[in-house]
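Report on one structure; see the data block that follows.
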Amino acid sequence: MRVTNRQIAEMFNEIADLLDIDGENPFRVRAYRNAARTILSYPRSMAELVEEGFDLSQLRGIGKELAKKIAEIVTTGRLRYLERLKRSHPPQLEALLKIPGLGPGRVRLLHEMLHINSIKYLEQALENGKLDKVPGFGPKLIEKIANGVKRHRYEEKRFRIDEAEETAMWLKERLLKASGVQEISVAGSIRRCKETVHDIDMVASATEGSDIMARFTSLPEVSRVIMQGTTRSSVRLSNGMAVDLRVVDDRSYGATLHHFTGSKAHNIALRKMAKERGMKINEYGIFHGDERLGGETEGDVYRLLEMDYIQPEMRENRGEIAKAQTHTLPHLIEPKDIRGDLHMHTLYSDGMETIETMAKAAQAKGYEYIAITDHTKHLTIAHGLDEKRLREQLEEIDRINEKMDGITLFKSAEVDILEDGSLDLPDDILNALDLVVCAVHFKFDLSKQKQTARILKAMEHPAFTILAHPTGRLINLREPYAVDMEKVMEAAKERGCFMELNAQPDRLDLNDRHCRLAKEVGVPVVISTDAHSPKDLNLMHYGIGQARRGWLEKEDVLNTRSLAELQKLLKQIRP
DNA sequence: GCCGTTTTCGGCCCGACTGTTTTCAGTCG
């Protein structure tokens, strides 16, 4: 099987950890981490690029040495350099870096002085009070490490964007009540619409003497204050989320918001550029020597570097900076561009409401059209429809379409793709539908080759319109099934099918890299809520956030088309 | 180990907080 980009990135990160513990040149360590990040976020598979003879040293952060190492991993499945490094270190040593308070320096010290080489041994040393003897290890640090060991599994968790956003909004509301507060923004990965977040970052501007910090650290929901300063504090909430709050005066608000929105890689790249031009960017502003050039707004940062404003969702150092310099940034899709929703369920299968209620809710959102896509018979757990019940539903949709003005209901279904690639309903009923949403709901564990073949076979059916949640993943619950996404997208492009970006926050499937791939291949994406109730229609914004992370513009998304345009397009692909 | 409008050497983002120290190293984001 082919080596994945993730596996290569993990190997490079492991090298970085080990070199870090060895006290190697920190810039060499950083080079491995930078390369890992580049590989992880690159839309195409390194394995394929190597096969094609592509020169990997063209990629940012990858030079001759690392290109050779990638080629070795891809062709042999191993990396001798990493194996050599691992042989000279205890196998669990890197795990110690995960404990708060332990960085490479202290891990090295613990290993040299006490031969601590795993979390298990660290626990024993803590119990035996051996750590007191290590220079630089005082009672506070030892307590922090002891707590970290107890919690380290728990704190590894990444939260889904919706969970984190809900907590962040609630926090913002509370903190706005503090004295002297002018503005509060949620920054960090929530603002960049990442699908999962590790912690919540918030930025506030406040006048001197504000009690916002005191309020923040003494909220009843705070289970632990990790650190507390006058401009920056960090806590953990009882729901397990860590929150950072940064407070500045309004002159620095933009610079601080920018700094804490990240990503780190994006910030580093900008600061480097500033430095090359004799300027300096920090959380307080943009400076030339002692002269302050700006920092009140985020826009100052980009303006002073002579580039266009980059939307938060794009700030990942994945090529956006070059685009901003040449004024060729994409005009990212916005919520107002969405004209309809092409995936939702009703009481006919596992939805909570009638067709009419869903239609009215969609109309209230200003949509021109929706598709009713109840499950089909194979999905018995969701009361999937057989041909007879689906025909009944189609008649009801006809009646509602006659009755309701200003919104059009498409007849559709979320049809199961069976193991052999056939669809779960007979052809005559499939042909009676306006569009057909198809999905894999079982047999997730097929080999990549078989799963890909299954989907490609299904796409050959003339009624196939949209591939729903194309990888089947459930964030934090179920891994994506193995599928060759490039092949699927190329087939979709050729066949005139569309790829769904399912906006449910536990799916967000396609992911951001897939969205960029779809744009590259030229296959339109459909952002759908997969709503099971009227309230679910509001999940659209998570899908839009993911689409923006994937650089999608209005033109790249099918359901930004007007009703007339969409009908025309459907007629073209389904004559 | 990477990179180059100062290109094959000599840099590599920048600052807050903590704990342990008498001026700072380590960690973290």
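Chain naming here is simple, since letters A, B, ... match the order of the sequence lines and numbering starts at 1 in each. Keep in mind that this is a model prediction, so the values were computed, not measured.
A cation-pi contact, defined as under 6.0 Å to the ring centre and within 45° of the axis, is absent between A/Lys69 and A/Phe12. A cation-pi arrangement, defined by a distance under 6.0 Å to the six-membered ring centre and an angle within 45 degrees of its axis, is absent between A/Arg33 and A/Phe27.
Distances shown here put a side-chain N or O of A/Asn282 below 4.0 Å from the OP1 or OP2 atom of B/dG15. A close approach under 4.0 Å does not occur between any side-chain nitrogen or oxygen of A/Ser57 and OP1 or OP2 of B/dC3.
If you measure from atom CD1 of A/Ile268 to atom P of B/dC14, you get 10 Å, rounded to the nearest angstrom. A/Asp244 places its CG atom 12 Å from the P atom of B/dT18, with the value rounded to the nearest Å. One can place CZ of A/Phe287 at 18 Å from P of B/dC13, the figure rounded to the nearest angstrom. What separates CG of A/Asn317 from P of B/dC3 is a distance of 12 Å, to the nearest Å. In this structure, A/Leu19 places its CG atom 20 Å from P of B/dC12, rounding to the nearest Å. The CZ atom of A/Arg33 sits 13 Å away from the P atom of B/dG29 (whole-angstrom rounding). With rounding to whole Å, A/Met273 atom CE is found 13 Å from B/dT5 atom C1'. Put simply, CZ on A/Arg271 is 10 Å from C1' on B/dG29, counting in whole angstrom units.
Going from the P atom of B/dC17 to that of B/dC13 covers 22 Å, rounded to whole Å. With C1' as the reference atom, B/dT20 and B/dA25 are 9 Å apart, rounded to whole Å. For B/dG19 and B/dC12, the P atoms lie 30 Å apart once the distance is rounded to whole Å. Atom name C1', nucleotides B/dT22 and B/dT18: the rounded distance is 16 Å, in whole Å. Annotation: B/dG1 and B/dT6 have their P atoms spaced 27 Å apart (nearest Å).
When distances run from any side-chain atom of A/Pro100 to the nucleotides B/dG29, B/dC28, B/dA16, the shortest one goes to B/dC28. For A/Glu65, counting side-chain heavy atoms from C-beta on, the closest listed nucleotide (B/dG1, B/dC12, B/dG29) is B/dG1. The side chain of A/Lys280 approaches B/dG15 more closely than any other nucleotide in the set B/dA16, B/dG29, B/dG15. Distance from the side chain of A/Lys264 is smallest to B/dC13 among B/dC17, B/dT20, B/dC13. The side chain of A/Leu141 has B/dG19 as its nearest neighbour among B/dA16, B/dG19, B/dC14. In this structure, of B/dG29, B/dT18, B/dG15, it is B/dG15 that holds the atom nearest to the side chain of A/Tyr284. Of the candidate nucleotides B/dC12, B/dT20, B/dG15, B/dC12 has the atom nearest to the side chain of A/Lys275. The side chain of A/Glu283 lies closest to B/dG15, out of B/dG29, B/dT20, B/dG15. Side chain of A/Lys272, nearest nucleotide from B/dG29, B/dC13, B/dG19: B/dC13.
Using modelled atom types, one side-chain atom of A/Arg473 and one backbone atom of A/Arg507 make a donor-acceptor pair closer than 3.5 Å. One N or O on the side chain of A/Ser223 and one on the backbone of A/Arg236 form a donor-acceptor pair closer than 3.5 Å. A/Asp556 contributes a side-chain N or O that, together with a main-chain N or O of A/Glu553, makes up a donor-acceptor pair within less than 3.5 Å. Between the side chain of A/Gln546 and the backbone N or O of A/Leu508, at least one donor-acceptor pair lies under 3.5 Å. Within the 3.5 Å criterion, the main-chain N or O of A/Gly138 finds no donor-acceptor partner in the side chain of A/Asp132. Looking only at distances, no side-chain donor or acceptor of A/Asp22 sits under 3.5 Å from a matching main-chain atom of A/Glu24. The closest donor-acceptor contact from the side chain of A/Ser179 to the backbone of A/Asp211 lies under 3.5 Å.
The residue A/Leu102 sits close only to the backbone: its heavy atoms come under 4.0 Å of sugar-phosphate atoms, none of a base. Backbone-only contact: A/Lys64 has heavy atoms under 4.0 Å from sugar-phosphate atoms and none from a base. At a threshold of 4.0 angstrom between heavy atoms, the contacts of A/Ser189 with the nucleic acid are absent. A/Gly262 comes within 4.0 angstrom of nothing in the nucleic acid, heavy atoms only. Contact annotation for A/Pro135: no contact, since no heavy-atom pair falls under 4.0 Å across all strands. If you check every strand for non-hydrogen atoms under 4.0 Å, A/Leu59 touches sugar and phosphate atoms only. Among the atoms of the strands shown, only primed sugar atoms or phosphate atoms (P, OP1, OP2) are found under 4.0 Å from some heavy atom of A/Lys69.
Where A/Gly63 and A/Ile142 each meet DNA chain B at their nearest nucleotide, the meeting point lying more 5' is that of A/Gly63. Residue whose closest nucleotide on DNA chain B sits further toward the 5' end, between A/Arg232 and A/Ile281: A/Ile281.
In the region residues 110-118 of chain A, proximity to DNA chain B at under 4.0 angstrom, judged on heavy atoms, holds for none of the residues. DNA chain B lies under 4.0 Å from at least one heavy atom of each of the following residues of residues 20-32 of chain A: A/Asn25, A/Phe27, A/Arg28, A/Arg30, A/Ala31, A/Tyr32.
A/Glu486 pairs with exactly one of A/Lys448, A/Arg513, A/Arg516, A/Arg44 by the salt bridge (charged side-chain N to carboxylate O under 4.0 Å, His left out) rule, that one being A/Arg44.
Looking only at atom types and distance, the side chain of A/Gln325 has no donor-acceptor partner in the side chain of A/Glu306 under 3.5 Å away. A donor-acceptor contact closer than 3.5 angstrom is absent between the side chains of A/Arg246 and A/Thr256.
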